[in-house]
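One structure coming up, written as C-alpha cells, with questions to follow.
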Amino acid sequence: MFVDLQESREQIDKIDSQIVELFERRMRVASNVADYKMATGKPVFDRERENQKIEKLSDMTEDVFNKKCVAELFTQIMAMSRKLQYKKLETASEDSMLERYEVVDRLASENARVVYQGVPGAYSHEAMTGYFGSGVNSVNVESFREAMQKVASGEADYGVIPIDNSSAGMVSDTYDLLQEYSNYIVAETFLKIEHCLLVKPGADIKGIKRVYSHPQALMQCAKFLDMHKGWVRESYPNTAMSAKKIAEENDFEQAAIGSPNCAKEYGLEIAARGINSASANTTRFIIVSSRRAFVRNASKVSICFEIDHRAGSLYGILSHIMFNGLNMTKIESRPIPEHNWEFRFFIDFDGNLADAGVRNALRGIAEESNALKILGNY
C-alpha cells in the first residue's frame with residue numbers, strides 16, 4: 001500500500017520549512033563566529049575541526065547511504081558558512097584584493113617599450129603591431145622566458161606573448177612563466193592565423209623534403225602535411241625564424257610554415273596558402289606588465305592556484321566562483337615539478353576586482369587553497 005503522493009509532498013514541504021528556519025538560525029550563529037574570528041585573527045577554515053564534526057554527524061545515522069548524504073550535506077552547509085564569513089572579512093579587511101592594485105583609465109602605451117618573442121614577421125610581431133601600432137618602440141628576443149625577464153626587470157614596459165590557440169590549445173610554456181615571474185596580464189588581443197607553405201623563389205613544391213616551423217604550427221597543419229608523406233617535419237622556435245632560415249640558406253629542398261607577412265618580410269614565395277586544418281584558427285596573445293594595475297572597465301580575471309591532492313578539493317575551490325555568480329570561461333592545469341602527479345590550476349572568469357563578488361570569491365580561494373596568484377584583471 002503506497003502513501004498518497006500529495007500527502008508525502010505536504011510532509012516534505014513542512015520539513016523543508018523547518019530546515020530553512022534552522023539553516024537561517026545556523027547562519028546567524030556563523031555570523032557571530034565571523035565577528036569573533038575577525039576580532040581574534042583566527043583563520044576561517046579549520047579543516048581538522050570540520051572533518052571531526054562531519055564524522056560525528058555522520059555517525060548519528062546507521063544507514064550507510066544516509067551516512068554519505070549527511071557528510072555531503074554538512075560539507076555544503078559548512079562551506080556556505082565559510083562563504084558568509086569570507087564576505088564579512090573582505091568587507092572589513094584593510095588588506096582587500098582591490099587595495100593591492102592600481103586602477104587606471106587606460107594603459108600607458110605612449111613611448112612604451114614592448115618586447116616580443118621571435119623576429120619581424122612572426123605572429124607575435126603581428127599581434128604587437130596590431131595592438132600597439134606599427135610605430136611601437138619594440139625589441140625582439142629568442143624565447144618567451146627572455147620576454148618575461150625583460151618585463152620583470154623593467155627593461156620593457158610590456159611583453160606580447162601567445163597563450164592559447166583555438167585549435168592547438170594552451171601554450172604551456174606561457175602558463176608556467178606566468179606562475180614563475182611577477183608579471184601581470186593587463187590586456188589581451190586576438191590574431192587570426194593563416195599558415196602558408198613558404199619556399200625560396202623558384203623552388204618546386206614537388207622537390208620539398210623538409211618543412212620547418214614552430215611545433216604548434218606543424219600540429220595545426222597536420223592534415224596538409226599528412227598528404228606529403230615524404231616530408232620530414234622539423235621543429236623550430238618560431239614560424240618567422242623558420243622562414244628566415246629558408247630565405248638565408250641556398251637549399252631549395254626545404255620549406256617553412258609561416259604567415260603571408262613572413263613571405264613578404266623575407267622575400268619568399270607562397271607555395272600553398274591557408275594550410276592550417278581549422279580555417280577559424282585564432283591565437284590569443286596576452287599583454288604582460290610588471291605594474292600591478294588594471295583598467296577600470298576590465299572584465300576578465302585570471303588566477304592560478306594549488307590545492308591538496310584529494311577528492312573534492314577542486315570542487316571546493318570552484319564553488320567560490322559559482323556561489324558568487326561568476327562565469328568561469330577557462331580552466332587549464334599544469335604539473336607542479338616538485339610534486340609528482342600534482343597540478344597547478346589556471347582559471348579565467350568574468351569580473352572586475354572592484355566587484356564585491358569577485359573579491360569574496362578570491363578571499364575564499366586564498367583561504368582554502370595552498371597558494372593563490374592573481375595573474376591579472378583585463
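Keep in mind that this is a model prediction, so the values were computed, not measured. For reference, positions follow the sequence shown, starting with 1.
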* Asked: Does a side-chain heavy-atom distance below 4.5 Å link Ser277 with Gln220?
  -> no
* Check the pair Gln149 / Ser153 against side-chain hydrogen bond (donor to acceptor under 3.5 Å, both in side chains), numbers first and verdict last. => CA-CA 6 Å; Gln149 285 174 341; Ser153 68; over 6 Å; no
* Would you check if there is a donor-acceptor pair between the side chains of Tyr378 and Asn297 at a distance under 3.5 Å? => no
* To do: Say whether, by atom type as modelled, one donor and one acceptor occur between the side chain of Lys200 and the main chain of Ala247 under 3.5 angstrom.
  => yes
* Any chance you could measure Ile303, atom CD1, to Ile185, atom CD1, to the nearest 0.5 Å? => 11.5 Å
* Mind running salt bridge (Lys or Arg N to Asp or Glu O under 4.0 Å) on Asp173 and Arg145 for me, showing each step along the way? => CA-CA 8 Å; Asp173 288 349; Arg145 178 175 293 278; over 6 Å; no
* Asked: Who are the side-chain contact (heavy atoms from CB on, under 4.5 Å) partners of Lys42, not counting sequence neighbours?
  -> Tyr36, Lys37, Thr40
* More than 12 non-hydrogen atoms from neighbouring residues, nucleotides or ligands closer than 6.0 Å to NZ on Lys14, yes or no? -> no
* **Check: Leu57 and Asp59 side chains under 4.5 Å, non-hydrogen atoms** => no
* Strictly by modelled atom types, are Asp308 and Ser313 linked by a side-chain donor-acceptor pair under 3.5 Å? -> no
* Set of ring-ring contact (aromatic ring centres under 6.0 Å, His included) partners for Phe305, sequence neighbours left out -> Phe345
* Within-4.5 Å side-chain heavy-atom neighbours: Ile193 and Thr282 -> no
* To do: Answer yes or no: is there a side-chain heavy-atom contact under 4.5 Å between Glu90 and Gln85?
  => no
* Is Ser134 reaching over with its side chain to a backbone N or O of Thr129, donor-acceptor style, under 3.5 angstrom? -> no
* Of the non-hydrogen atoms in Ala255 and Val199, which two are nearest, and what is the gap between them? -> CB-CG1, 3.8 Å
* To do: State, with a plain yes or no, whether a side-chain heavy atom of Glu269 is found less than 4.5 Å away from one of Leu198.
  => no
* Is it true that the side chains of Thr283 and Asn165 contain a donor and an acceptor less than 3.5 Å apart? -> yes
* Which residue pairs pass the salt bridge (Lys or Arg N to Asp or Glu O under 4.0 Å) test when at least one of the two sits in residues 204-224, sequence neighbours left out? -> Lys209-Glu253, Arg210-Asp251
* Structure fact -> To the nearest 0.5 Å, atom CD1 of Ile19 lies from atom CG of Asp16 at 5.0 Å
* With side chains defined as the heavy atoms from C-beta onward, is the minimum distance between Arg9 and Leu5 less than 4.5 Å? -> yes
* Arg292/Glu102 under salt bridge (Lys or Arg N to Asp or Glu O under 4.0 Å): CA gap, chis, key distance, verdict -> CA-CA 6 Å; Arg292 188 179 286 184; Glu102 178 185 359; over 6 Å; no
* **Exceeds 12 heavy-atom contacts within 6.0 angstrom, atom CZ of Arg106** => no
* **Test side chain to side chain contact (heavy atoms under 4.5 Å, CB included) applied to Leu178 and Tyr184, step by step** => CA-CA 8 Å; Leu178 282 171; Tyr184 301 90; over 6 Å; no
* Kindly write out the residues that satisfy side-chain contact (heavy atoms from CB on, under 4.5 Å) with Ser299, not counting sequence neighbours, or none if the list is empty. => none
* Asked: Are Leu225 and Trp231 close enough that some pair of their side-chain heavy atoms sits under 4.5 Å apart?
  -> yes
* Asked: Honestly, is Arg334 close enough over Tyr175, meaning NZ or CZ under 6.0 Å from the six-membered ring centre and within 45° of the axis?
  -> no
* Under 4.0 Å between a Lys/Arg side-chain N and an Asp/Glu carboxylate O for Arg291 and Asp157? -> no
* Please state whether the rings of Phe224 and His228 are parallel, tilted or perpendicular, taking 30° and 60° as the class boundaries. => tilted
* Kindly indicate, with the supporting measurements, whether the criterion side chain to side chain contact (heavy atoms under 4.5 Å, CB included) is fulfilled by Arg26 and Glu21. => CA-CA 9 Å; Arg26 193 184 196 285; Glu21 182 182 349; over 6 Å; no
* To do: Go through the steps to decide whether Asp35 and Lys88 satisfy the test side chain to side chain contact (heavy atoms under 4.5 Å, CB included), and finish with yes or no.
  => CA-CA 8 Å; Asp35 293 338; Lys88 296 194 73 170; 2.7 Å; yes
* To do: Indicate whether any N or O donor in one side chain lies under 3.5 Å from an N or O acceptor in the other, for Glu55 and Ser58.
  => no
* Those residues that, when tested against Asn51, pass side-chain contact (heavy atoms from CB on, under 4.5 Å) (two or more places apart) -> Arg47
* If Ile, Leu, Val, Met, Phe, Trp and Tyr residues are connected whenever their side-chain heavy atoms lie under 4.5 Å apart, and connections chain through other members, are Ile374 and Ile321 in the same group? -> yes
* Point-to-point distance, once rounded to the nearest 0.5 Å, from OG of Ser31 to NZ of Lys87 -> 10.5 Å
* Asked: Between Val136 and Val139, is there a shared hydrophobic cluster once you connect ILVMFWY residues whose side-chain heavy atoms come closer than 4.5 Å?
  -> no
* **Nearest-0.5 Å distance, OG of residue Ser242 to OH of residue Tyr236** => 8.0 Å
* Treat each ILVMFWY residue as a node, draw an edge where side-chain heavy atoms are under 4.5 Å apart, and state whether Phe323 and Tyr315 are in one component. => no
* **Residues Asn276 and Glu194: side-chain donor-acceptor under 3.5 angstrom** => no
* Asked: Would you say Glu142 has more than 12 foreign heavy atoms packed within less than 6.0 Å of its CD?
  -> no
* Structure fact -> Nearest heavy-atom approach of Gly121 to Cys262 is O-SG, 3.1 Å
* Summary of salt bridge (Lys or Arg N to Asp or Glu O under 4.0 Å) pairs that have at least one residue in residues 71-81, sequence neighbours excluded -> none
* **side-chain hydrogen bond (donor to acceptor under 3.5 Å, both in side chains) partner of Tyr86, the single match among Glu368, Arg359, Arg363** => Glu368
* If we only count heavy atoms from C-beta on, is the Tyr116 to Val141 side-chain gap below 4.5 Å? -> no
* **side chain to side chain contact (heavy atoms under 4.5 Å, CB included) evaluation trace for Tyr266 with Val119** => CA-CA 11 Å; Tyr266 297 106; Val119 294; 3.0 Å; yes
* Asked: Going from OG on Ser166 to CZ on Arg284, what distance comes out if it is rounded to the nearest 0.5 angstrom?
  -> 11.5 Å
* **Flag if over 12 foreign heavy atoms under 6.0 Å of CD, Glu338** => yes
* Asked: Considering all heavy atoms of both residues, which atom of Asn261 and which atom of Glu126 are nearest to each other, and what is their separation?
  -> CB-OE1, 3.9 Å
* Asked: So how far is it from Ile331 CD1 to Ile347 CD1, rounded to the nearest 0.5 Å?
  -> 4.0 Å
* Asked: Looking at Arg113 and Glu155, does any basic side-chain N land under 4.0 Å from a carboxylate oxygen?
  -> no
* Asked: So, Glu367 and Arg82, do they make that salt bridge, N to O below 4.0 Å?
  -> no
* Cut-off 3.5 Å, side chains only: do Ser319 and Lys83 have a donor facing an acceptor? -> yes
* Asked: Looking at Met241, Arg233, Gln254, which hits side-chain contact (heavy atoms from CB on, under 4.5 Å) with Tyr212?
  -> Gln254
